[in-house]
Every structure is written in structure tokens, then in C-alpha cells.
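Written below as C-alpha cells is the structure these notes are about.
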Protein chains: 2
Amino acid sequence: MSKEKQYYSEHPTFHVAVDSIIFGFDQGELKLLIHKRQFEPAKGEWSLFGGFVQKGESLDAAANRILFELTGLDKVYMEELQSYGEVERDPAGRVISVAYYALIPAKEFTEATSSQYGATWVGLKDLPPLIMDHSQMVEKGLRRLKRRAASQPIGFELLPREFTMPQLQALYEAIYQAELDKRNFRKKILAMDVLIKLDAKDKTSSRKGAFLYRFDQKKYRKLVEGGYNFTM
Amino acid sequence: MSKEKQYYSEHPTFHVAVDSIIFGFDQGELKLLIHKRQFEPAKGEWSLFGGFVQKGESLDAAANRILFELTGLDKVYMEELQSYGEVERDPAGRVISVAYYALIPAKEFTEATSSQYGATWVGLKDLPPLIMDHSQMVEKGLRRLKRRAASQPIGFELLPREFTMPQLQALYEAIYQAELDKRNFRKKILAMDVLIKLDAKDKTSSRKGAFLYRFDQKKYRKLVEGGYNFTM
DNA sequence: AAACTTAAGTGTAAGTATAACACTTATGTG
DNA sequence: CACATAAGTGTTATACTTACACTTAAGTTT
């Protein structure tokens, strides 16, 4: 008789799923990666990337595995968001779902790979209805993103390794849904002292070109540990 | 054949538990309510208040039921904190646990009821080792409490309905582990404009007595919705 | 090659919020 | 009636935040 049988056998068990809310930033817009559900019920309807936890697999491992299987994405910034345990949340049976929140630079998941995996980036304004409580999860994820952006320079997870000031500012503007003054923005960001200015320029969006920056991993980490508070 | 069988039967199921991190504030100290585990394995060891989710019961409902069964506490401020899903976290079998974070005015759970339920308030400095990953949960709960205290006047959940300025300040000092200037503290708190000053005084801690305050529920709610940021 | 267009880049001053600081007041006790 | 104790109160200096407009770089057009 297994230990589990011995102690806990009188208690019920549940299917446990994970669902990932994947944010990206591209062309000045915050986007969500979604796809059409690949299994019944509700097959073919818009859904977050989710699946069932397997035996012998931790929740975190399940979230990573499922993301990889469905998108080919690996080493993605992910953290647990919240569990959803309403009895009737899945009409096909009792399933407890743990929602994860993930940030990726949108470029890492291109048009090409998109179609291969049947996934799509959708602007947050143009979200179609999602199955079950997935829209609620997105709401919650967005709130977390906003809070995070305020307490850490987290936006960096969403940009390519080298980026320009105007790009960074556009990201914050998309997150906060507000216009920011570029002089004040630069001042604040540079005062954080986590950026390294490169010699190269990005000329894709202007003739003059904008200087590229990378961020200083060590200083960034220190800043985050120190509990920086970044208000706009 | 049930819907669930039909669609999800090939996936494994898991025991799901909830564990509550219950913070209280008494005598100038932040405290945690714990008890000795009432079932095997690890029966008799220090533990958070936890139990298994039942069939037909949401996670939130389970957290509330278990808290009530084990402490008699009802209508407590609770919110989900984080799920714990490591495969080996419970040595007696695979159990996924959803941790909840709860705040109560310590007076609502007195010495008398304590002994009746075998529960104890323990100062955060004097925490005994807790079973499994419960200490980790407490860590996480404490971090949440600190963040919350900064973004909302959440401390009110931890005080009796009527309280004095020195009490409120002591609470914040306990949460932040820092001394605050009482003039500046008063100024900031009063500037929030959520307190109602009463005529009565509390004389338990000084001859002069300190005025009692209640907080204005309506204004408080507005403030929280507006996303106030409260730094010390 | 000169004029034009476009986005990038820069500084300052006024206002607001924060932080530091010490004495007075009320009241029960000895 | 003096004493002890915690509650209560304002001001000033400093740092931070906000508002605001012109110059620069470089490719494109004439």
C-alpha cells in the first residue's frame, strides 16, 4: 500500500491544468499570444495555452512543458499568477487551473512559427472572446503586469536585448495606456543606472537613428532585490 | 458516461489542499496563527491551517471552510497567495496546495478560543519550524503583506474597528521593521482622508489617552480602487 | 548642393512631496 | 501639587516630480 493510499485515500482528487498568459510587445502595442484549442470540448475556440499536469511533474514544470509543446518557446520568463478553482469553470468536468504569466520579446515568436503552431498575437484591444474563465485570467495578468512595471523595470523582458529609448518609452506607454514626456522618462530611466548605452544606432524608425541600449544585468538584479519603486 | 470521463479521463488527478497563512497584530508585534497538525503524517507538528478540497467545493470555499472548522473564524479577509506544486513537497503523497493569506484583528481570536482549538499566535521572530514547505509559504505571505501595506492602507484589516494613531503606527512599524516619525506618519495617514476621528479616547496605554479613529469604508474603497501608493 | 522632413535628443524652473527635527499638553499617580 | 508618561502638534530644508520648446542628425527631395 502506497503512503498516499495509507493517509489520504479518503480525499477526492482533481484534474489540474495550467494556463499561460503570454504577453508580447510589438509595433507599439501590447499583445497576447493565443491559439485555437486543440482538444475537446470547445475545440477550435480561442484559448490561452494550457494543458493538464502530468504525474510526477511539478506545476512549474508543467507550465514550461506545455508552453514548449504548443509554441516551441523555451526559457521564457514565467511566474505563477493565480489558481482558478470554481466548481463549474470547465463545463466538461471539474478542473482546477493554475494560471501562469509569461513575458516574451514578440520577435522571438515570429509570423512563421506562429502559423506552424496555429498561434496568433492579438492586440489587447482586439481580443476575441476566450473560452471559460480565460478572459478573467488575462485581466488579472494585465493588472499584474502594470503593478510589476511600477515596481521593477520589468519591461525589459518584453524587448529585444538591444533597444532604443523611444522603444522602451513606447512599451511603458502601452502598459500604462498613457503618454509620457520623453525628457522626464529618459531622466528617470537613466537615473536608475541600469542601462548601458551602445555606440550603435537603430535606424529603422528615423533618419537620425536612435542609440541602442542594453541593460546591465548585475545592476538590474541589485535594483530588483532592493525593491525599487518606479512611478511614472 | 460523465462529461469528464468522456473528455479528460486519460489525464491524472491529484489531491488538492489549501493552507492558510493567518496574520494578526497584537502588542506591537506581527503574529502568525499556527497549530499542531491533527492528522497523519506529521501529526502533532507545527503547521499552517490546511486541509483537502472536497468534491463540489471551490478553492475559495475550501479555504473558508477549513479556516472555520479549525478556528471558528468566519468572514475573514482572505486572498489567494500562490500554489505549491513540487512533486515531493508532501512526503506522504502527491498533493498540490493552494496557499491563502488571511488577516484578522488578533483580538478576534483570543486566548480562550486558542486553547479550545489548539491554536497559537506566534511572533514572527519566534516561529518554530513548520512542516513541509509551510515556512516558505509564510515568507511569501510576509512579502505580500509588505507590498500590500505599501499600495493600500491594508493595515486596517489587522486592527479592531476602532483604533488609535499610535496603534496604527505600531502596526506599520511592525510590518516594515522600521521606526517612523509620528508627525510625518500622522500627516500622511490623515492626508489620505479615510479616517474618521471619534470623540472617545483609548486610555489603556497612557494617562492622557489617545483618540480613537474608525475608517470611512466608502472613502477607503475609492482609495483602493484608485490604486493609491503609500510609501513610508 | 541646398532646402526639407522627421524623429532623436537635450535643460531649466516651478511646484509638490518628503524628511528631519523638539517642545507642549493632558491626565493619572504618588 | 509635583511628577511621570505617552499623545499631540508645525516648520524648514531638501529632494523629487512635473511641465514645457528648441536644436540636432541624417536621409530625401528639388
Side-chain angles (χ1 to χ4, degrees), chain A residues 27-29 149-151 153 159-160 162-174 176-214 223 226-232, chain B residues 26-29 149-153 159-160 162-174 176-214 223 226-232:
Chain A
Q27 298 178 295
E29 222 192 336
S151 67
L159 291 174
E162 301 186 348
F163 52 87
T164 67
M165 274 290 170
Q167 277 168 33
L168 185 60
Q169 182 173 343
L171 170 60
Y172 274 87
E173 289 179 334
Y176 289 127
Q177 292 294 306
E179 302 224 326
L180 304 173
D181 179 279
K182 61 182 171 174
R183 283 164 292 189
N184 294 338
F185 181 81
R186 278 180 132 87
K187 226 182 297 172
K188 226 175 225 177
I189 292 285
L190 292 174
M192 286 166 38
D193 190 34
V194 288
L195 289 190
I196 298 168
K197 186 174 184 174
L198 307 178
D199 283 335
K201 279 186 165 187
D202 172 300
K203 296 205 173 173
T204 54
S205 69
S206 79
R207 310 190 203 292
K208 185 179 179 180
F211 279 102
L212 288 165
Y213 291 81
R214 208 158 3 107
L223 189 72
Y228 189 80
N229 197 348
F230 183 81
T231 55
M232 279 282 121
Chain B
D26 194 27
Q27 297 178 296
E29 221 192 336
S151 67
Q152 295 173 19
L159 292 174
E162 301 186 348
F163 53 86
T164 67
M165 274 290 170
Q167 276 169 32
L168 185 60
Q169 182 173 343
L171 170 59
Y172 274 88
E173 289 179 335
Y176 290 127
Q177 292 295 308
E179 303 225 325
L180 304 173
D181 180 277
K182 60 181 170 172
R183 282 164 294 189
N184 294 337
F185 181 80
R186 278 178 131 89
K187 228 181 297 172
K188 226 175 226 178
I189 292 284
L190 291 174
M192 286 165 40
D193 189 34
V194 288
L195 289 190
I196 298 168
K197 187 176 184 176
L198 307 178
D199 283 335
K201 278 185 166 187
D202 173 301
K203 295 204 173 172
T204 54
S205 69
S206 80
R207 312 192 202 290
K208 183 179 179 180
F211 279 102
L212 288 165
Y213 290 82
R214 209 162 357 113
L223 189 72
Y228 190 80
N229 198 348
F230 185 82
T231 55
M232 279 285 122

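Every chain is numbered from 1, with letters handed out A, B, ... down the list of sequences.
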Closest non-hydrogen atom pair, [X] against [Y]:
X      : Y      : answer
B:Y213 : B:M165 : CE1-CG, 3.7 Å
B:P160 : B:Q167 : CG-OE1, 4.5 Å
B:A174 : B:G28  : CB-O, 4.0 Å

Whole-Å gap separating [atom2] ([N]) and [atom1] ([X]):
X      : N      : atom1 : atom2 : result
A:R186 : D:dT18 : CZ    : P     : 18 Å
B:L190 : D:dT9  : CG    : C1'   : 12 Å
A:L168 : C:dA8  : CG    : C1'   : 15 Å
A:K182 : C:dT6  : NZ    : C1'   : 10 Å
B:Q169 : D:dA6  : CD    : C1'   : 12 Å
A:I189 : C:dG9  : CD1   : P     : 14 Å
A:F211 : C:dG9  : CZ    : P     : 7 Å
B:F185 : D:dG8  : CZ    : C1'   : 14 Å

If I take atom [atom1] from residue [X] and atom [atom2] from residue [Y], how far apart are they, to the nearest 0.5 angstrom?
X      : Y      : atom1 : atom2 : value
B:L195 : B:R186 : CG    : CZ    : 10.5 Å
A:I189 : A:Y172 : CD1   : OH    : 5.0 Å
B:F211 : B:D199 : CZ    : CG    : 7.5 Å

Those residues that, when tested against [X], pass side chain to side chain donor-acceptor pair (under 3.5 Å) (two or more places apart):
X      : value
A:E173 : A:Q169
A:Q177 : A:K125
A:K187 : A:N184

Can you name the atoms? Protein N/O to nucleotides 14-17 of chain C N/O, anything below 3.5 Å, with the distance.
none

Listing time: all N or O pairs from protein to nucleotides 10-13 of chain D that are below 3.5 Å?
residue, atom, partner, partner atom, Å
D:dT11, O4, B:K187, NZ, 2.9

B:K197 side chain near B:L190 side chain, heavy-atom distance below 4.5 Å |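 When only atoms from C-beta onward are counted, B:L190 and B:K197 do not touch, as no gap falls below 4.5 Å.
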
Contact class for B:T164 (heavy atom, under 4.0 Å): base, sugar-phosphate, or nothing?
->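 The residue B:T164 makes no contact with any strand.
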
Protein N or O to nucleotides 25-30 of chain D N or O, pairs below 3.5 Å:
residue, atom, partner, partner atom, Å
D:dG27, OP1, A:K203, NZ, 3.3

Say whether, by atom type as modelled, one donor and one acceptor occur between the side chain of A:K182 and the main chain of A:P166 under 3.5 angstrom.
->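 No.
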
